[in-house]
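The figures here come from the full heavy-atom set of this structure, side chains too, leaving out hydrogens, waters and symmetry mates. Proteins get letters first, then strands, A, B, ... in listed order; numbering begins at 1 in each.
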Protein chains: 2
Amino acid sequence: MTRPGVSVTNVAAYAGVSLGTVSNVLNRPERVSPATRARVLQAIEELGFVRNEAARQLRAGRSRTIGLIVLDTGNPFFTDLAGGVEKAASENGLSLVLCNSDEKSDREAHYLSLLEEQRAFGILLAPGVELPARVDEIRSRGTPIVLVDRGSSRTQCSVSVDDFVGGQLAIDHLLERGHRRIAFVGGPLGLNQVADRLRGAREALQRRGAGAEDITVVETEALTFASGRDAGERIAGLSVRRRPTAVFCANDLLAFGVLQVMTKQNLAVPGDVAIVGYDDIDFAAAAAVPLTSVRQPRTQLGQTATELLIEEATDSTTHKHRQVVFSPELVVRESSARKRSR
Amino acid sequence: MTRPGVSVTNVAAYAGVSLGTVSNVLNRPERVSPATRARVLQAIEELGFVRNEAARQLRAGRSRTIGLIVLDTGNPFFTDLAGGVEKAASENGLSLVLCNSDEKSDREAHYLSLLEEQRAFGILLAPGVELPARVDEIRSRGTPIVLVDRGSSRTQCSVSVDDFVGGQLAIDHLLERGHRRIAFVGGPLGLNQVADRLRGAREALQRRGAGAEDITVVETEALTFASGRDAGERIAGLSVRRRPTAVFCANDLLAFGVLQVMTKQNLAVPGDVAIVGYDDIDFAAAAAVPLTSVRQPRTQLGQTATELLIEEATDSTTHKHRQVVFSPELVVRESSARKRSR
DNA sequence: TGACGGCAATGAAACCTTTCATTCCGTCTT
DNA sequence: AAGACGGAATGAAAGGTTTCATTGCCGTCA
């Protein structure tokens, strides 16, 4: 058990070969005669040699790790997305580092720097409220970046789901079920995903024309369970006249929060308040009242993003930036069951 | 934007100073005169210099990154635990790499190698079924390892929650509520956490003495939502005579799966079948039927583990291995509400 | 027997940063 | 005015791996 780093040099000396040969055993074993190879392997074993990745990387100029920066590791949407990334990455011999920006731009910036300094193979970024200008700088210095869960202009690759359509789907559904006083729960509104879903919602309302009030927006601090409860409190606190008959939440975690408060306050879902969520995470079907939700192809999102990233990293010269947009899909469950007419 | 790595050497040349000075600006700015410092900083800015972490690491012999290997990134228990780790880590200027072993020992081994090759600052390991022998080797070569969510002998640090007690809590509660035919859902049984919870459950039953049948064990492939559904199907398929009146699940995800199937099959929870989960993840309170669960101090688990790891990494000579064991706590909700006597 | 080809093995150079002993230079002391 | 002092800057060395041009060797062929 040798403590201070056993290096190729030590292995070489121990096996009685040159260090170049050791390297060959490690990287192109077929070029080394079986006898020598065996000797070297045994030396490696006996000395407990462990490759130094830092040195390899230094030499190679690039690491074999993809960085994925997400808004919230606690949100199943992102862990499922990460699953897709990991799958595609490991198929290509790459590893994944998962970074949690917690919707905070300073943390996002921190991780961007960290990943660039580590010469990451590439970065997958689910940006927060603002897309940092540094993204372009970083890319121009040679670290490819693909945006996930957010569309972009032609100047970069991105993979997203059409949030505008998603918002429309949700509201069309609620209108069709007879709701006229609808609230939107989500935030921060600066977040593209949130803003687009709200735009889609408004569009659907307007297209419908008269009969429906403008949507009431309940802005939240984040897209979390806790924020959902806060929003739920606010909604439950309204007088019956002003209380919406349906709530469209910008994601499922919020919806769960709202749902929990409604139940606690003895408001029936969907009887008193219908709820539609967004993402259709696995738990949606298992919620107190199974949740109607707008489904996004999470795993595929991650996989596609990774493929684009690899493409960009591999042939940076011929590579053409692409913007992939998936379509969301409405999954109807009990939380928005038809209103009894009264 | 300079493509091929701008190095300290380039910065030094551009600023008209020696490379040692650039390094000083970067690491001990107070030792450099303000004028020179400004000049160097400007050079860095203009050239778009980015530190090469690999080279720093190579020099330092150690990285500033902690690796956390968990069984399932999709399980909120582990993401909450990761949150605690990240908090403690960032307070100490360390970063976190989150690795998902997916309960597979080959993936676990892969990440162990990867982290050792990267000369990680330390490794936090939530081991799968078997604790790999390599753990000791890796530690002896200088990479500290702390076990999380699993106790250990005196030869290493570990942070865990008393699963035996947790199992007892759950079963005592169900017995007290009048249940006599109880099933245990969990697996793989080789997993320490699962085995200990089951042992605790059995112990509680035996202590109770006559009147209660032995527990029925429904083994699952993993501690996931999907596995829970499988188990639920099996339980729902039993004849009324043989069907348990209560199910104790080795974690909340399983419980959700079971719950979903029960509901779908028109079995009332807790009327026909009571359910107790484990972990008390946030969703537990929001489930179809709010879930009774055994709470674990997840965040604190992560924080404490990180502190032990840092301690071990910092003074490896005087460091004494410690085994921290937290106590679980039962949180009673509707899913185990009192049985109506009939 | 001499030349050649091919396989194996070699080892210097490069990757980039940090450290630290050393040099330089201007100022203060006596 | 000479010497001592201290702050600032220097640059060589080290850290471990990979690459690749080169050397060494042996067998084969003419």
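V22(B) comes within 4.0 angstrom of nothing in the nucleic acid, heavy atoms only. Base engagement by G20(B) is indicated by at least one non-hydrogen atom pair under 4.0 Å involving a base atom.
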In sequence, state the C-alpha distance, the side-chain angles, and the governing distance for R64(B) and Q57(B), and then conclude on side-chain contact (heavy atoms from CB on, under 4.5 Å). CA-CA 8 Å; R64(B) 303 286 301 163; Q57(B) 239 174 256; over 6 Å; no
Under the criterion side-chain contact (heavy atoms from CB on, under 4.5 Å), I'd like the reasoning laid out for V135(B) against I123(B): C-alpha separation, chi angles, the key distance, then a yes or no. CA-CA 10 Å; V135(B) 165; I123(B) 299 176; over 6 Å; no
Go through D102(A) and K104(A) one step at a time and tell me if the salt bridge (charged side-chain N to carboxylate O under 4.0 Å, His left out) criterion holds. CA-CA 5 Å; D102(A) 220 9; K104(A) 300 202 180 78; 3.2 Å; yes
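Annotation: of the two residues near DNA chain D, R119(B) and S18(B), the 5′-most nearest-nucleotide partner is S18(B). Between R51(A) and T36(B), the residue anchored closer to the 5' end of DNA chain D is T36(B), taking for each the nucleotide with the nearest heavy atom.
Note on S33(A): every side-chain N or O is 4.0 Å or more away from OP1 and OP2 of dC7(C). In this structure, N27(B) reaches the dT18(C) phosphate: one of its side-chain N or O atoms is under 4.0 Å from OP1 or OP2. In this structure, T21(B) reaches the dT10(D) phosphate: one of its side-chain N or O atoms is under 4.0 Å from OP1 or OP2.
Put simply, the side chain of R56(A) and the base of dT17(D) share no donor and acceptor less than 3.5 Å apart. Looking at R31(B), its side chain has no donor and acceptor atom pair within 3.5 Å of the base of dA8(D).
Rounding to the nearest 0.5 Å gives a distance of 15.0 Å between CZ of F78(B) and OG1 of T73(A). Annotation: the span from I310(B) atom CD1 to D315(B) atom CG amounts to 12.0 Å, rounded to 0.5 Å.
Taking atom CD of Q57(A) as the reference point, atom P of dT17(D) lies 13 Å away to the nearest angstrom. Residue L47(B) contributes atom CG, which lies 15 Å from atom C1' of dC16(C) at whole-angstrom precision. For the pair R28(B) CZ and dA9(D) C1', the computed distance is 13 Å after rounding to whole Å. In this structure, N10(B) atom CG and dC15(C) atom P are separated by 10 Å, rounded to whole Å. When rounded to the nearest whole Å, the span between CG of N24(A) and C1' of dA21(D) equals 13 Å. If you take CG of L26(B) and P of dT18(C), they are 6 Å apart, rounded to a whole angstrom. Going from atom CD of E117(B) over to atom P of dT18(D) covers 10 Å, rounded to whole Å. Rounded to whole Å, the distance from CG on L19(B) to P on dA9(D) is 14 Å.
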Without placing hydrogens or testing angles, list every side-chain donor-acceptor pair under 3.5 Å for residues 299-309 of chain A, not counting sequence neighbours.
unit_1: T304(A); atom_1: OG1; unit_2: Q300(A); atom_2: O; d: 2.8
unit_1: T306(A); atom_1: OG1; unit_2: G302(A); atom_2: O; d: 2.7

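Between dT17(D), dG11(C), dA8(C), one nucleotide has an atom nearer to the side chain of S7(A) than all others, and that is dT17(D). Side-chain proximity of V17(B) to the nucleotides dC16(C), dT10(D), dT17(D) is greatest for dT10(D). Listed nucleotides: dG16(D), dA8(C), dG15(D). Nearest to the side chain of R59(B): dG15(D). Across dC15(C), dT17(C), dT10(D), the shortest atom-to-atom separation from the side chain of V8(B) is found for dT17(C). Side-chain atoms of S23(B) lie closest to dT18(C) of the nucleotides dT18(C), dC15(C), dA9(C).
Between the axis at the start and the axis at the end of the helix from dT1(C)-dA30(D) to dT30(C)-dA1(D) there is an angle of 60°, using five pairs per end and rounding to 10 degrees.
The 12-atom threshold is exceeded at CD of E91(A), counting heavy atoms of other residues, nucleotides or ligands nearer than 6.0 Å. When the shell of 6.0 Å around CZ of R37(B) is examined, it contains more than 12 heavy atoms from other residues, nucleotides or ligands.
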